[in-house]
There are 2 protein chains.
Amino acid sequence: MPQAKTDSRERLINAAIKLAYQHGFGKSSLAHIAKEAEVPLGNIYYYFKTKDELGEAIVERRLAQMQARRMEWDEITSPKERLCFCINQVSESRDLLASGGCAVGTFCSELQKTDNALAKKASAIFVQHLEWLETQFRLMGKTKDAHILSLHLLSALQGVAFLAYSLRSPEFVTLETDRLKEWVRSL
Amino acid sequence: MPQAKTDSRERLINAAIKLAYQHGFGKSSLAHIAKEAEVPLGNIYYYFKTKDELGEAIVERRLAQMQARRMEWDEITSPKERLCFCINQVSESRDLLASGGCAVGTFCSELQKTDNALAKKASAIFVQHLEWLETQFRLMGKTKDAHILSLHLLSALQGVAFLAYSLRSPEFVTLETDRLKEWVRSL
DNA sequence: GTCTATACCGAGATAGAC
DNA sequence: GTCTATCTCGGTATAGAC
């Protein structure tokens, strides 16, 4: 059944993600989001009781997207190559990163200061990702250091995204992802 | 002349910095800032034509603060030890970083999405700091790589602050700053 | 230069017809 | 389930007395 029932909810989430990435979630008014999604303003409240709930929906969407991606990466045979592939994904989105930052990083960063319940939920995206990274390092034989290594890698990648965004420099992304791939291979 | 004329302007900037750090600049209303500074609301506009201008004042304050700190660090004899000292400062503020993030990092991060003029001004804080870092590396004989190394260091430090904040983990700060000091010493 | 009162607008949220 | 009209509040900014 193609487009069976209303996909308004879907469109609202996508619009919210898009606008939150462009201008921040706080600055994206429900009116603006509704317009982008081509849904009448008042209709939002049929799907989300509050704006925060829409924020939660974004987090859940990201959670699912990341998990789906990792499942694809799991198809790769070697854990080392999985990590390199993951780093490559960052490398390939260098232009996006330089112009708008890391989609989940900037979103989480914004939530930290404002809402406390949402902030915790958002951090779960990182926690989940860290677990996956840790698994890869463990499979590489780094049983003892796996946790530390996963933190280091994610921290480095977020640092890259942040600075590349601040300086609007895609070149820097390449520079650092190359270094990180080198580092992973040397382990 | 102690407390010669009105330090209202000073108090407003300090209040704005404090509240922006706690809840974000966007979420800090002028009413709230005025209250914190113990200045009547309408009085803000005698010192700042607009809220953005208050934001600019924060940037300029940070710019000055960082420069002052770097001038202190310049007293240290060896450039290598200067960098280690700088990393130590981060290490020592681990609790603050874990509970509220990097003061300039989170502030800049927020501005990126909202205002464009302010965003550029804010990034200048990083650019200025990068120049100082670069100088240290150059003094260490890393003539060719100085720029790349400075980017790497700042990126790493911002990544640390970001992840430590997201995970509310001061331990992670220690972990990574130790690693970075090691790295600097090995150069 | 300092303060109070208030204009004005845009935001989130609701009511209720269809 | 969908849409329009509207309420209410809190925000920035201004006016103008002292």
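Throughout, a chain's letter reflects where its sequence line sits, starting with A, and its residues are numbered from 1.
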Ring pair (Phe, Tyr, Trp, His ring centres under 6.0 Å) with A:Phe162: which residues, sequence neighbours excluded? B:Phe126

Give each protein N/O atom lying under 3.5 Å from an N/O atom of nucleotides 11-15 of chain C, with the pair distance.
| residue | atom | partner | partner atom | Å |
| --- | --- | --- | --- | --- |
| C:dG12 | OP1 | A:Lys51 | NZ | 3.0 |
| C:dG12 | OP2 | A:Leu30 | N | 2.7 |
| C:dA13 | OP1 | A:Thr50 | OG1 | 3.3 |
| C:dA13 | OP2 | A:Lys51 | N | 2.9 |
| C:dA13 | N7 | A:Tyr45 | OH | 3.4 |

For A:Arg61 and A:Asn14: C-alpha separation, side-chain torsions, deciding distance, then whether side-chain contact (heavy atoms from CB on, under 4.5 Å) applies. CA-CA 9 Å; A:Arg61 173 62 52 93; A:Asn14 289 332; 3.3 Å; yes

Heavy atoms under 4.0 Å, any strand shown: does B:Phe48 hit a base, just sugar-phosphate, or nothing? nothing

If you measure only the distance, is there a donor-acceptor pair under 3.5 Å linking the side chains of B:Arg138 and B:Thr143? no

Keeping the roles fixed (side chain from A:Arg62, backbone from A:Val59), state whether a donor-acceptor pair exists under 3.5 Å. no

Specify whether B:Phe107 and B:Phe25 have parallel, tilted or perpendicular ring planes, treating 30° as the upper limit for parallel and 60° as the lower limit for perpendicular. perpendicular

Test your reading of the model: is there a side-chain donor-acceptor pair from B:Arg82 to the backbone of B:Ile76, 3.5 Å cut-off? yes

Please determine if A:Lys51 forms a cation-pi arrangement with A:Tyr45, meaning its NZ or CZ atom is less than 6.0 Å from the six-membered ring centre and no more than 45° off the ring axis. no

What is the first contacted nucleotide of DNA chain D and what is the last, in 5' to 3' order, if contact means an atom lying under 4.0 angstrom from a heavy atom of chain A? D:dG1 to D:dT4

Going by the angle between their ring planes, with limits at 30° and 60°, are B:Trp73 and B:Phe85 parallel, tilted or perpendicular? perpendicular

